[in-house]
Amino acid sequence: MAQTRPPARVLIYSATAGFRHDSIPTAIAALKTNGSDINVEFDSTEDKTRFTVENLSQYDALLFLSTTGEILDDAGKAAFQAYLNLGGNFIGVHSSSDSLVNTTFYGREIGAYFDYHPALQNATVDVLDNTHPSTSMLPAEWHVRDEMYNFKSDPRTVGAVVLLAANESSYVDNGIRNFNQGTPHPLAWCQLHGSGADINKQGVAGRSFYTSLGHLNETWQDELFLSHVLGGVSWVLQGNTTRAMNPSASVGNIAGQSQSSSSSIAGSSTSVQSFPAITSQPSGASFYRSGSTTAIVTVVAVIVGFVQYFTFS
């Protein structure tokens, strides 16, 4: 009998220090209810003290859900960077691009910071790559009611692949654009390698996925949108840099040791869903976990995290 993989663990972080979306509880409930479809257990928190090296090491990915403002202190930022240095994956949704705007490594991880959006309205979203797990289920022209974000930079300049673009002829935007976000107008993108460091050449940085959609409660009740987000989660997990896909990785859920957090956890599936992947996937990362070597790699990651944060943030 084939052995099934343990579920991946993903921590949803939805703290806000600026505007707060009333769709956050709906979004959390939708993700937890449907996580078993992709063999993922979602935990959720708004407690920044949970951003420690020890706690984050349990997770295969972190999902920033409509976060805004300065939602981590210096210690939390350093732990976050250390987690990325060990191959941790990242998913950003909606206003997560309007968070930690003075933190250099986060800007690199998210891909681009939010600038402004026109009024909420109906718009058409163009699918630029229909082979990605987050877009393969979408129509070529996706009609949505959402906020069409503008950004302060072009995510393609940091190596992101843009997956969705705003069809600017389909909605009204009378705002003044002071930044070059590139064309086509980016709305969702992915990075094979986020801002994590390559510790001692023992692995590669984890993956990063971002979608700017997700403003309304109704959006999170739409199966097509939810499939888009879950497809992005699935894709980052396929990077083989965490224990979800690579048992010898340094972070992520350990087989047979899934733990409940202070938040409820959705049930897991007995099978792993397979998705198509975009080209040029990295091979499975090789990390050391045995004995003192694990401790050395982890200590190095923590030190690099603190140095990178306090040097560049």
Side-chain angles (χ1 to χ4, degrees), residues 5 8 10 30-31 34-40 60-61 63 87 89-94 96-97 108-112 123-144 146 148-149 151 154-168 170 181-196 204-214 219-220 222-242 244-246 269 271-285:
R5 288 192 177 106
V10 176
L31 290 168
N34 293 277
S36 60
D37 292 347
I38 56 169
N39 201 30
V40 168
D60 296 282
L63 190 156
N89 298 299
F90 176 79
I91 304 103
V93 177
H94 199 48
S96 58
S97 57
R108 172 69 177 79
E109 187 71 21
I110 196 75
T124 299
V125 174
D126 293 329
V127 175
L128 303 182
D129 181 350
N130 64 4
T131 67
H132 193 272
S134 69
T135 59
S136 60
M137 75 296 294
L138 301 177
E141 294 183 349
W142 186 19
H143 302 294
V144 303
D146 214 312
M148 296 293 103
Y149 273 19
F151 298 93
D154 183 350
R156 284 160 284 227
T157 63
V158 297
V161 175
V162 175
L163 305 169
L164 299 179
N167 184 329
E168 295 182 343
S170 68
Q181 62 187 346
T183 55
H185 181 149
L187 288 182
W189 55 80
C190 63
Q191 300 180 68
L192 281 171
H193 308 299
S195 64
V204 296
R207 292 182 173 187
S208 172
F209 170 82
Y210 172 76
T211 181
S212 62
L213 303 175
T219 302
W220 287 96
D222 179 76
E223 291 185 5
L224 200 57
F225 172 76
L226 195 57
S227 294
H228 165 60
V229 175
L230 292 177
V233 174
S234 298
W235 180 79
V236 302
L237 295 173
Q238 291 173 359
N240 297 326
T241 58
T242 68
M245 297 293 180
N246 178 5
S269 173
S271 62
V272 178
Q273 189 168 351
S274 177
F275 293 97
I278 68 172
T279 58
S280 67
Q281 288 191 59
S283 59

Of all heavy-atom pairs between [X] and [Y], which one has the smallest distance, and what is that distance?
| X | Y | value |
| --- | --- | --- |
| M245 | L237 | CG-O, 3.0 Å |
| A8 | D60 | CA-OD2, 3.3 Å |
| A166 | M148 | CB-SD, 4.0 Å |
| Y149 | Q181 | O-OE1, 4.2 Å |
| L163 | S134 | CD1-OG, 3.5 Å |
| L224 | P139 | CD2-CD, 3.9 Å |

Could you check whether any side-chain N or O of [X] sits under 3.5 Å from a backbone N or O of [Y], counting only pairs where one atom can act as donor and the other as acceptor?
| X | Y | value |
| --- | --- | --- |
| N89 | A61 | no |
| Q191 | R108 | yes |
| T135 | V127 | no |
| W220 | F225 | no |
| S208 | E109 | yes |

[Y] and [X], any side-chain heavy atoms less than 4.5 Å apart:
| X | Y | value |
| --- | --- | --- |
| W142 | L187 | no |
| L63 | L31 | yes |
| D126 | P184 | no |
| N34 | E223 | no |
| L138 | L164 | yes |
| R207 | L192 | yes |

Between S97 and Y210, does any side-chain donor sit less than 3.5 Å from a side-chain acceptor?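 Side chains of S97 and Y210: pair found under 3.5 Å.
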Atom [atom1] in [X], atom [atom2] in [Y]: separation rounded to 0.5 Å?
| X | Y | atom1 | atom2 | value |
| --- | --- | --- | --- | --- |
| E168 | T124 | CD | OG1 | 12.0 Å |
| W235 | I91 | CH2 | CD1 | 10.0 Å |
| F209 | H132 | CZ | NE2 | 6.5 Å |
| S227 | D37 | OG | CG | 8.0 Å |

Results of side-chain hydrogen bond (donor to acceptor under 3.5 Å, both in side chains) for T211 - residues two or more places apart only: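 Per chain and number, T211 pairs via side-chain hydrogen bond (donor to acceptor under 3.5 Å, both in side chains) with H228.
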